[in-house]
Chemist: 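Here you go, one structure.
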Amino acid sequence: MTSWIDIAALDDVPQRGARMIKTALGCVAVFRTAEDEVFALDNACPHRAGPLAEGIVHGKSVTCPLHNWVFSLETGEAQGADEGRVATYPARVESGRILLDRTFLQARSAA
Amino acid sequence: MTQKLIVIGAGMATGRMLEHLFDAGADYDVTLFNAEPRGNYNRIMLSPVLSGDKTYAEIVTHDDTWYAAQGVTCRFGERIATIDRAAKTATAQNGDVLPYDKLVFGTGSNPFMIPLPGHDLEGVIAYRDLEDTTRMMDLGPANKCVVIGGGLLGLEAAAGMAARGVDVTVVHIMGHLMERQLDEAAGYLLRRALIDKGITVKCAANSKEILGENGHVRALLLDDGTELPCDLLVMAVGIRPNVQLAQDTGLAVGKGIHVDDQMLTSDADVLAVGECVEHNGAIFGLVAPLYDQAKVAAQTLMGEQAQFVQKEISTKLKVTGCDLFSAGDFADGEGREDIVFRDPARGVYRRLVIENNIVLGAVMYGDTADSNWFFGLIRDKTDIADMRDTLIFGPAYQGGTPLDPLAAVAALPRDAEICGCNGICKGQIEDAIAAGASDLGAIKATTKASASCGTCTGLVEQVLAVTLGDDFVLPAAASICGCTDMTHEDVRRMIKSQRLTSMPAVWQECGWKTPDGCHVCRPALNFYLLADWPLEYRDDPQSRFINERKHANIQKDGTYSVVPRMWGGITTPDELRAIADAADKYMVPTVKVTGGQRIDLLGVKSEDLPDIWADLNAAGMVSGHAYSKGLRTVKTCVGTDHCRFGTQDSTGLGIQLEKELWGAWTPHKLKLGVSGCPRNCAEATCKDIGVICVDSGYQISIGGAAGMDVRETELLIQVPTEQEAINVIKAVTQLYRENAKYLDRIYKWMAKVGLDWIKERVAAEGDALVDRFELSQTIYRKDPWAEHVTQQAERYKPLANLSLEAAE
Ligand SMILES: Cc1cc2nc3c(=O)[nH]c(=O)nc-3n(C[C@H](O)[C@H](O)[C@H](O)COP(=O)(O)OP(=O)(O)OC[C@H]3O[C@@H](n4cnc5c(N)ncnc54)[C@H](O)[C@@H]3O)c2cc1C
Ligand code: SF4
Ligand code: FES
């Protein structure tokens with residue numbers, strides 16, 4: 001069952017940008033694409049824990065700022081020849097507000 | 001039940017074996033020991049690391065995450081000391097006793113050190129691991145190095161160091177270089193190419209003694225009495241399988257550890273792979289066969305039937321600008337004939353060794369495009385009787401009429417190796433194309449083919465052309481990235497001639513293949529647009545690398561470093577107090593003086609950035625742009641103010657230059673230096689732009705570097721007054737901004753356009769360039785910190801904090 005919570009206004013996140021939110025189990029990055037879709041992913045890159053919220057967002061991907069691994073915002077999978085995956089969480093936009101799913105965020109395993 | 005597997009050595013062979021094992025879903029509890037204090041990396045890429053083309057991080061093949069995901073227990077920096085095969089236990093150096101069900105030896109080889117007198121002096125090293133590579137990289141330009149051994153490894157070591165400005169001499173005992181792979185003629189061409197790179201080559205030179213001083217190497221003494229002074233001596237004369245442990249364990253050992261076709265040693269629970277093994281009398285020194293062994297070993301461990309078969313192997317030299325290929329056997333012999341082709345003007349040489357209409361060996365220098373085809377003939381023992389007349393000209397000339405050169409590539413089998421560095425064969429590239437990769441960038445990204453030394457780039461493009469047909473146009477020059485086929489230069493031209501003043505306009509008019517570019521092209525376009533249209537274009541922070549977006553340097557743990565400007569390197573007690581206070585208040589762990597005479601506060605948390613900047617701003621300081629592709633620092637000496645040699649006020653000029661140039665974005669970082677006299681205490685001649693003050697005025701020189709490349713500046717002009725000096729510097733900076741490719745430092749740009757062209761442009765349109773520079777500065781010379789503190793501080797905070805929420 002989903003339980004959506006209101007996180008912030010869509011405009012609080014720049015287009016082709018991201019912001020980070022803190023949770024008890026670590027940080028989650030909220031991305032906004034040029035098309036105003038939003039995605040929520042773990043903020044730590046599986047390579048060396050680079051902060052994905054600081055990466056360059058292009059198409060539906062983000063490039064990690066530390067060593068340029070590219071991740072799909074939709075699946076969290078590393079693109080190209082790199083291998084790895086970031087956890088993704090349900091996110092959506094409703095009347096200009098960003099909504100995330102609380103149960104999902106809480107169910108995040110610490111592993 | 002899960003079985004225990006102990007692997008000794010985290011090398012290229014065992015790394016590949018573990019991959020196969022886990023890919024196949026094997027149920028093993030693996031403990032991996034490695035004498036080196038690190039996990040698996042691509043050893044053959046140490047040469048690009050040495051030459052500066054790669055970093056160590058880029059050649060790591062398995063990282064902590066991978067080991068963790070596979071549940072491998074890593075014991076790096078630890079050796080296995082003894083093994084008890086009866087009890088099936090291995091004892092680590094620290095005394096831990098570990099039981100095993102299966103054990104794999106992958107101990108590689110030991111570099112062979114000639115026992116010359118003095119071989120144990122400090123500064124005598126081999127070329128085998130990262131430590132050796134770092135020793136060579138740390139040598140620094142203008143130092144001297146002698147490399148003993150003119151084989152593959154020695155030459156890569158020499159070329160790598162020469163690329164870093166080290167004065168290198170190669171000493172080789174044989175009459176020509178790489179005698180095991182090349183014949184004399186090819187050896188001669190190679191030698192000439194190395195000499196052109198500034199390397200001294202001495203063949204037929206016998207080393208007699210290594211001379212030392214205070215326990216450190218000083219010179220190499222040859223038989224004929226010649227002394228070659230050196231600060232480092234690298235021995236690259238061969239390797240010996242590392243079999244000591246296996247021998248102590250009582251395994252059957254000859255030159256290497258004896259293994260059968262299943263990679264089993266004389267003990268059925270112990271396997272061995274890699275350079276430490278001996279198979280049917282052969283030992284191995286290149287990765288291709290080791291990868292085959294790794295696969296077989298994994299299958300054996302899975303209980304599957306598999307057999308290791310020795311195959312022909314080929315060699316390439318990973319030295320930029322030396323196109324060299326050798327495969328098979330080319331020794332003289334009864335009944336053997338050669339076909340030789342030479343083109344001295346082009347420096348091309350080819351030789352084939354044939355017996356009974358079968359090609360046994362091939363050597364190629366200068367033009368190796370057809371090497372795969374010849375290698376295929378050797379490996380498949382093709383009968384060449386029908387094409388003997390035209391054989392030497394390559395695949396394009398077979399079958400009477402000249403074939404399309406692409407036909408040769410088309411004819412390659414799927415398992416023909418295309419990229420030697422990464423072991424990628426044609427089939428893998430075809431698969432990547434079938435999965436949607438349609439240009440070189442995409443192939444690199446999805447298969448890593450041509451992503452290493454790059455000698456196979458042409459071949460990869462041909463595979464693309466053959467597979468995609470008309471959809472693929474062989475590119476003339478490298479495009480910016482996978483989003484476009486256009487080069488940087490093309491795009492800059494389009495931006496100017498078509499008046500493209502926004503990023504979407506560029507994407508549209510230049511036919512970008514992605515909706516909004518990528519992390520490679522967007523920062524470049526952002527720079528081009530703001531440099532060309534300072535008034536119309538609005539800077540796009542989302543197309544900037546994080547350092548520029550946040551105006552601080554991101555560090556490896558996600559914290560930032562902050563560097564305030566100190567004009568010309570001058571500061572005051574008040575500024576120092578403010579910096580010290582800020583360091584205390586924000587608990588800055590490290591305060592460091594930078595190479596450019598500024599103070600770096602390292603380890604600041606992202607959220608604290610606006611506050612620490614606000615404090616520094618309040619004390620009158622502004623951003624030092626230490627993160628930017630823009631003006632960083634102007635380093636100065638003390639000049640006439642204090643120095644008895646000073647001819648002009650170098651500090652004052654440095655301050656003025658920094659005040660006029662700061663905030664200007666440039667294609668790459670821009671560093672200046674101003675010295676008060678030719679003693680050059682500010683090291684101005686290795687800066688992008690350097691000024692040496694002399695009695696009669698100011699010598700302005702450009703194109704220095706002291707990073708990955710080390711270069712001395714070249715004189716642009718000498719002018720009599722300070723104001724003229726400032727104007728020339730602004731003009732050349734603007735010319736660089738308007739013309740250079742993004743991420744080219746001045747010296748790279750200068751190598752493309754030529755110093756003479758720069759001189760002409762500065763002379764012809766100096767005033768106009770200065771005007772355009774000034775115009776841009778009216779917009780961009782501002783303190784980004786102040787702006788962010790007042791308008792964007794919110795953005796540095798978390799969007800929301802749910803940590804309490806989740807804890808309920
Ligand atoms: C600079 C350089 C360039 C090269 N270039 C090429 C090239 O272009 N093409 C090519 O095909 N090949 C090249 N080679 C050769 C290639 O790297 C080797 O053939 C390959 O790495 C051998 O793999 P391996 O797994 O057998 O051993 P290695 O990769 O050497 O690994 C063996 C590991 O075992 C560890 N070890 C040893 N004893 C113990 C012990 N008792 N306990 C625990 N650990 C132990 C060692 O520390 C080492 O890390 C190059 C080699 C070098 C050094
Ligand atoms: S460069 Fe010349 S003027 Fe400047 S400090 Fe050195 S000696 Fe003095
Ligand atoms: S930490 Fe993300 S790519 Fe290295």
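Numbered from 1 within each chain, the chains take letters A, B, ... in sequence-line order. None of these values were measured; they are calculated from a predicted model.
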Chemist: For A:Asp36, does the CG atom sit with more than 12 other heavy atoms under 6.0 Å from it, leaving out its own atoms?
Modeler: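 Enclosed.
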Chemist: Given side chains that start at C-beta, do those of A:Arg16 and B:Arg522 come closer than 4.5 Å, heavy atoms only?
Modeler: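 Heavy-atom side-chain distance check passes, below 4.5 Å.
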Chemist: Side chains of A:Arg48 and B:Lys556, heavy atoms from C-beta outward: is any pair under 4.5 Å?
Modeler: no
Chemist: Relative to chain A, which segment of B:Pro541 carries a heavy atom at a distance below 4.5 Å: side chain, backbone, both, or neither?
Modeler: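 It is neither, since no heavy atom gets under 4.5 Å.
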Chemist: What I'd like to find out is whether the side chain of A:Gln15 reaches to under 4.5 Å of the side chain of B:Gln542, using heavy atoms alone.
Modeler: no
Chemist: When you look at CD of B:Glu607, are more than 12 heavy atoms from neighbouring residues, nucleotides or ligands closer to it than 6.0 Å?
Modeler: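 More than 12 within 6.0 Å, yes.
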Chemist: How close do A:His58 and B:Cys518 get, heavy atom to heavy atom, and via which atoms?
Modeler: CG-CA, 3.6 Å
Chemist: Is it the side chain or the backbone of B:Thr55 that comes within 4.5 Å of chain A heavy atoms, both, or neither?
Modeler: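 Neither; nothing under 4.5 Å.
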Chemist: Assess the residue pair A:Val70 and B:His519 against the criterion (side-chain contact (heavy atoms from CB on, under 4.5 Å)); give the C-alpha distance rounded to whole Å, side-chain angles, the decisive distance to 0.1 Å, and a yes or no.
Modeler: CA-CA 9 Å; A:Val70 179; B:His519 64 278; 3.8 Å; yes
Chemist: Less than 4.5 Å apart, any side-chain heavy atom of A:Ile56 and any of B:Arg544?
Modeler: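 A side-chain contact under 4.5 Å is absent here.
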Chemist: Under 4.5 Å, counting heavy-atom pairs only, tell me which of B:Ala442, B:Cys483, B:Gly517, B:Ala437 racks up the most with chain A.
Modeler: B:Gly517
Chemist: Quick check for you: to the nearest 0.5 Å, what is the distance between A:Arg85 atom CZ and B:Thr65 atom OG1?
Modeler: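 Here the interatomic distance stands at 14.5 Å.
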Chemist: Would you say that A:Ile21 contacts B:Asn801 through its side chain, given a criterion of any heavy-atom pair below 4.5 Å between the two side chains?
Modeler: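 No, too far: nothing below the 4.5 Å cut-off.
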Chemist: Between B:Gln555 and chain A, with a heavy-atom cut-off of 4.5 Å, which part of the residue counts as in contact: side chain, backbone, both or neither?
Modeler: backbone
Chemist: Which atoms form the tightest heavy-atom contact between B:Pro515 and A:Gly59, and what is the distance?
Modeler: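 The answer is CG-CA, 4.1 Å.
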Chemist: Would you call A:Pro51 and B:Ile554 a side-chain contact if the rule is heavy atoms closer than 4.5 Å?
Modeler: yes
Chemist: Which region of A:Val30, side chain (C-beta onward) or backbone (N, CA, C, O), has a non-hydrogen atom less than 4.5 Å from a non-hydrogen atom of chain B, or is it both or neither?
Modeler: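 Answer is side chain: those atoms of A:Val30 sit under 4.5 Å from chain B.
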Chemist: Between atom CZ of A:Arg19 and atom OH of B:Tyr796, what is the distance when rounded to the nearest 0.5 Å?
Modeler: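 The distance works out to 11.0 Å.
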Chemist: Can you tell me which portion of B:Asp516 sits under 4.5 Å from chain A's heavy atoms? Options are side chain, backbone, both or neither.
Modeler: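 Looking at B:Asp516, backbone and side chain both touch chain A.
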Chemist: Given side chains that start at C-beta, do those of B:Val520 and A:Thr63 come closer than 4.5 Å, heavy atoms only?
Modeler: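 Sidechains of A:Thr63 and B:Val520: no contact.
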Chemist: Do B:Leu802 and A:Val28 pass the side-chain contact (heavy atoms from CB on, under 4.5 Å) test, and can you show the C-alpha distance, the side-chain angles, and the key distance before you say yes or no?
Modeler: CA-CA 10 Å; B:Leu802 305 180; A:Val28 170; over 6 Å; no
Chemist: How about A:Glu54 and B:Tyr560: do any of their side-chain heavy atoms sit closer than 4.5 Å?
Modeler: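 Yes. Closest side-chain heavy atoms under 4.5 Å.
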Chemist: Against chain A, work out which of B:Ala800, B:Ala445, B:Ala57 has the most heavy-atom pairs shorter than 4.5 Å and name it.
Modeler: B:Ala800
